[in-house]
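Before any comments, here is the structure.
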Number of protein chains: 2
Amino acid sequence: MILSPKIENFVLHCGEMGSRWGFNRTIGQMVGLLVINEKPLTANEIAEALKISRGNVSMGIKELQSWQLVKVHHIPGDRKEYYSPNGSIWDLANKVFEERRKREIDPTLTLLRDQILNNANSAEEKYAQEQMQSIHDLLETVTKWSAELQRLSPEQLQSLMKLGSSVGKVIDLKDKLLRK
Amino acid sequence: MILSPKIENFVLHCGEMGSRWGFNRTIGQMVGLLVINEKPLTANEIAEALKISRGNVSMGIKELQSWQLVKVHHIPGDRKEYYSPNGSIWDLANKVFEERRKREIDPTLTLLRDQILNNANSAEEKYAQEQMQSIHDLLETVTKWSAELQRLSPEQLQSLMKLGSSVGKVIDLKDKLLRK
DNA sequence: TTGAACTTTCAGTAATTATTGAAAGTTTAA
DNA sequence: TTAAACTTTCAATAATTACTGAAAGTTCAA
């Protein structure tokens with residue numbers, strides 16, 4: 001499997017971005033490769049295209065499955081596994097977003113809930129407690145909000161995002177209504 | 001400078017989360033330490049509290065300044081620099097969010113804009129082109145939306161987030177109004 | 001059951017990233 | 001100016017993370 005320069009360019013870029021998106025270079029490349037190819041690919045094709053070992057592909061696929069980003073196909077009479085992205089670009093982005101929330105926010109929320117239950121026994125600890133409470137409240141708001149967004153249909157979400165600057169007006173309006 | 005167990009616990013947790021938030025363990029600890037302490041700290045105090053070298057603190061501070069997360073104070077008659085968080089918890093979260101958007105989305109958006117201008121010269125490339133267009137559109141929507149959110153006051157943002165499940169209704173309402 | 005065709009695992013190693021600490025740089029008071 | 005009190009830099013090294021490839025595991029047709 002050989003990549004056209006244009007496609008290779010994109011795949012390499014995904015590799016460079018990989019670690020920023022939450023995985024590593026190779027896994028970034030794998031996502032790029034799967035997304036850019038219409039046909040599902042075998043592990044050997046991936047290894048060949050990215051010039052990495054077969055074992056590395058296996059580990060990468062495992063990781064991507066833990067993010068729910070790939071799905072496996074089987075072709076009758078063929079023992080190989082064929083991999084493709086698990087859903088549309090939109091779905092993938094959503095899954096990455098959700099998984100990252102779990103990894104980046106949930107553990108801290110858990111810790112803070114525990115810490116806040118303890119009493120402060122010095123002025124220092126009192127301030128610390130307050131700060132932890134603020135962080136807790138922020139993270140909880142974000143978590144709830146993110147759950148709400150997940151519940152919206154892609155169309156509603158697009159619609160909300162495209163509200164653009166008028167979103168401020170909508171909020172002000174809602175506030176005014178509530179205040180009555 | 002010695003940390004109480006409760007505070008140490010929090011600081012160590014920040015360290016563990018550091019790399020998930022976009023920096024490394026030490027820098028995560030530094031943020032935790034600065035946030036949890038009411039008084040601004042000197043580089044030496046930070047080094048002592050976290051048991052790391054003075055040079056490492058210097059580099060960490062530099063990195064945190066590039067994220068705009070710390071500010072420097074001076075006390076008359078004292079040559080040392082005192083560091084504290086650059087704003088409220090809310091402000092810090094915002095800055096991290098914004099900086100990550102710059103690092104995680106902007107470079108890809110730039111690449112995709114370029115790639116989309118080229119013509120596809122095979123069926124494969126045509127599909128690739130379409131996928132790149134989808135990713136581009138998604139990232140552009142997210143970028144614009146994030147810019148809108150940045151423009152809101154913290155109060156408005158809180159208000160929007162607390163809209164919760166009713167946000168769906170607001171959107172539907174807005175869609176209906178527009179359709180007329 | 002065998003063995004061919006595949007996948008996974010994991011110990012060893014390579015590559016990358018973070019840290020130290022000594023030296024160089026900067027600032028200010030005298 | 002000097003030197004004390006600080007900060008920054010960076011080469012060497014430590015720590016972490018990723019990758020390879022051989023061996024073990026799995027599945028299935030015959």
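The structure displayed is predicted, hence computed values, not measured ones. Below, chain A is the first sequence line, B the second, and so on; all start at residue 1.
- dC6(D) atom P lies 15 Å from atom CD1 of Ile46(B), rounded to whole Å.
- Whole-Å rounding puts the Lys80(A) NZ to dC6(C) C1' distance at 9 Å.
- By the 6.0 Å and 45° rule, Arg103(B) stacks over the aromatic ring of Trp67(B).
- Side chain of Arg54(A), nearest nucleotide from dT8(C), dT19(C), dT16(C): dT8(C).
- Per the geometry, CG belonging to Asn56(A) stands 15 Å off P belonging to dA22(D), to the nearest Å.
- Using a 4.0 Å cut-off, no side-chain N or O of Lys51(A) falls inside it from OP1 or OP2 of dC19(D).
- Using a 3.5 Å distance cut-off with no hydrogens or angles, the side chains of Ser88(A) and Asp91(A) do pair a donor with an acceptor.
- For the pair Glu63(B) CD and dA18(C) C1', the computed distance is 12 Å after rounding to whole Å.
- With rounding to whole Å, Gln29(A) atom CD is found 13 Å from dC19(D) atom C1'.
- For dT9(D), the OP1/OP2 oxygens have a side-chain nitrogen or oxygen of Lys62(B) closer than 4.0 Å.
- Here dA5(C) presents its C1' atom at 10 Å from CG of Asn44(A), a figure rounded to the nearest Å.
- Within 4.0 Å (heavy atoms only), Ile52(A) reaches sugar-phosphate atoms of the nucleic acid but no base atom.
- Considering only side-chain atoms of Thr26(B), the nucleotide from dC6(D), dA18(C), dC6(C) that sits closest is dA18(C).
- Remark: Asn24(B) is in phosphate contact with dT19(C), judged by side-chain N or O atoms under 4.0 Å from OP1 or OP2.
- Looking at which nucleotide of DNA chain C each of Tyr83(A) and Ser53(B) is closest to, the 5′-most match is held by Tyr83(A).
- Across the protein-nucleic acid pair, Glu45(A) atom CD and dC6(C) atom C1' stand 14 Å apart, rounded to whole Å.
- By the salt bridge (Lys or Arg N to Asp or Glu O under 4.0 Å) test, Glu125(B) is found to be paired with Lys6(A), residues two or more places apart in sequence or in another chain being considered.
- Under a 4.0 Å N-O distance rule, the pair Glu140(A)/Arg113(A) qualifies as a salt bridge.
- Regarding contacts with the backbone of dA4(C), every side-chain N or O of Arg79(A) stays at 4.0 angstrom or more from both OP1 and OP2.
- Distances from the side chain of Met59(A) to the nucleotides dT8(D), dT20(D), dT19(C) place dT20(D) closest.
- In summary, the side chains of Asp137(A) and Gln133(A) do present a donor paired with an acceptor at a separation below 3.5 Å, with no hydrogens or angles considered.
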